[in-house]
Amino acid sequence: MKTLLRNAKLATMAQTEPGLGIIENGAILIENCRIAYVGDDAGMPEVKGATVVDCDGRWITPGLIDCHTHLVHAGNRAREFEMRLAGATYEEIARAGGGIVSSVREVRDASEADLVAQTLPRLDALMAEGVTTVEVKSGYGLTVADELKMLRAARSLGGQRQVNLTTTYLGAHATPADYKGRNGDFIRDVVLPGLEAAHREGLVDAVDGFCEGIAFSVDEMRVVFDAAKDLGLPVKLHADQLSNLHGAALAADCGALSADHLEYTDQEGAAAMTQAGTVAVLLPGAYYFIRETKKPPVDLFRKHGTKMALATDCNPGTSPLTSLLLTMNMGATLFHLTVEECLAGVTREAARALGRLDTIGTIEIGKQADLAIWNIESPAELVYRIGFNPLHQRIWNGELTGGNHA
Ligand code: DI6
Ligand code: FE
């Protein structure tokens, strides 16, 4: 199976090239699901037996990567949103049965099939905008059985759609009511046994935690990360979202793939992350939705050379967002990222944040052929528009899989 994409403008995002790695008159040869050639259309070696696709001068980028989502969940929190709009406080909402515990209740009540059915429309919304890889976390089950159910649902989604799906175990997301004030016991009784069981079933690609005053401390997270290390699993962390507990520094110290949110991260945190090669995953959807005013220290990340990715954080409580294009616009408008930083953030750097840069995230020879073809005149349009989807065609693993190419 050979496909030859001709007459295209390429933003390869290759790290070896400056800027977006642009090739003005480009071609890509896909052979056995991989990129076999990328370069000038004119310099293309002769290929026999390939299906030729004339791209009519359209732009091609790597397929987009959403490297931080809680895509699998049940129900929604629109009612709670209305209460917040009417001025209700977090406590009042919690007393009315809202907040994260309500999502936990709904996930516990749902079957694996329910979870899959409720999540597919969200996955389809992401994919419709050229997303070819999605990370999905557990963390709304908070019993061993319910965490396993979420991860099985996530794996099942990957089997039902043409997309790379990676799973992250987030047992340390919140403390359920029956363990209130007993985080240590919860980690011992549920988080660690759940991790081992999920790992045994092959359900875990990485391990995450919510390091925050309202969730788990640095010392508690270390216990979870030590267990992940024993199993040979990479770690990442929700860090410094609402306060500076020095979660970014902990993530760096544990060699984490990424530290995510980071609104309250300081100079030491940024420096440590850079040193450790830990990617800063910025989540402007959550910042926007909870009306946070403290921005992540983008200038510090630039100064230290910390790599920055962007993701939706799709979750029912703080970021009911299923658009990576809108996420890029928010990254630029709210966090002052450049177009190049936004595009790298949902391709190359998102791949790095998943530990997958060797196989996805750029258009380079040998990588999996995950691509997005766009009806745009310049790459900046992908960041500039709000609520418009210019996807022409999506290519996953070498296969043409949708888009508005009629
Ligand atoms: N960060 C968040 O913002 C949430 N979880 C997390 O790790 C919110 C989860 C929720 O409210 O459902
Ligand atoms: Fe999150």
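Starting from 1, each residue takes its place in the sequence as its number. Every number for a ligand or one of its atoms is a count from 1 in the order of the listing.
Between D313 and ligand 1, no N or O atom pair is found at a separation short of 3.5 Å. Checking only distances, S103 never comes within under 3.5 Å of ligand 1, N or O to N or O.
Around the NZ atom of K294, the shell of radius 6.0 Å holds more than 12 heavy atoms that belong to other residues, nucleotides or ligands. Within a 6.0 Å sphere centred on OH of Y288, heavy atoms belonging to other residues, nucleotides or ligands number 12 at most. Taking a 6.0 Å sphere around CD of Q275, one finds it holds 12 or fewer heavy atoms contributed by other residues, nucleotides or ligands. In this structure, N25 places its CG atom where only 12 or fewer heavy-atom neighbours from other residues, nucleotides or ligands lie under 6.0 Å away.
The closest approach between any non-hydrogen atom of E212 and ligand 1 is not below 4.0 Å.
Excluding waters, the protein N/O/S atoms found under 2.8 Å from the Fe ion (ligand 2) are H68 NE2, H70 NE2, H238 NE2, D313 OD1.
Given atom 1 (N) of ligand 1, the protein heavy atom at minimum distance is Q241 OE1, 3.3 Å. Protein heavy atom closest to atom 12 (O) of ligand 1, with residue, atom name and distance, is Y140 OH, 2.7 Å. Scanning the protein heavy atoms around atom 3 (O) of ligand 1, the nearest turns out to be T318 OG1, 2.8 Å. Of the protein's non-hydrogen atoms, the one nearest atom 5 (N) of ligand 1 is H173 NE2, 2.8 Å. Given atom 7 (O) of ligand 1, the protein heavy atom at minimum distance is H238 CD2, 3.0 Å.
For K295 and Y287, the positive end is not near the middle of the six-membered ring at less than 6.0 Å and at most 45° from its axis. The cationic atom of R385 (NZ for Lys, CZ for Arg) lies less than 6.0 Å from the six-membered ring centre of F388 and within 45° of the ring axis. Cation-pi contact between R84 and F289: present, with separation from the ring centre below 6.0 Å and deviation from the ring axis of at most 45°.
The distance from ligand 1 to the heavy atoms of G317 drops below 4.0 Å at these ligand atoms: 10 (C), 11 (O), 12 (O). Atoms of ligand 1 lying under 4.0 Å from any heavy atom of R77, numbered from 1 in the order shown and given with element: 10 (C), 11 (O), 12 (O). Proximity to H261 (heavy-atom distance under 4.0 Å) selects the following atoms of ligand 1: 1 (N).
Using cut-offs of 30° and 60° on the angle between ring planes, the pair H261 and H238 is tilted.
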### Query
Going through the checks in order, is the side chain to side chain donor-acceptor pair (under 3.5 Å) test met by N244 and D266?
CA-CA 8 Å; N244 185 6; D266 58 19; 3.1 Å; yes
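Considering only residues two or more places apart in sequence or on other chains, D114 meets the side chain to side chain contact (heavy atoms under 4.5 Å, CB included) condition with A110, S111.
Checking T401 against R394 by side-chain atom types alone, a donor-acceptor pair falls below 3.5 Å.
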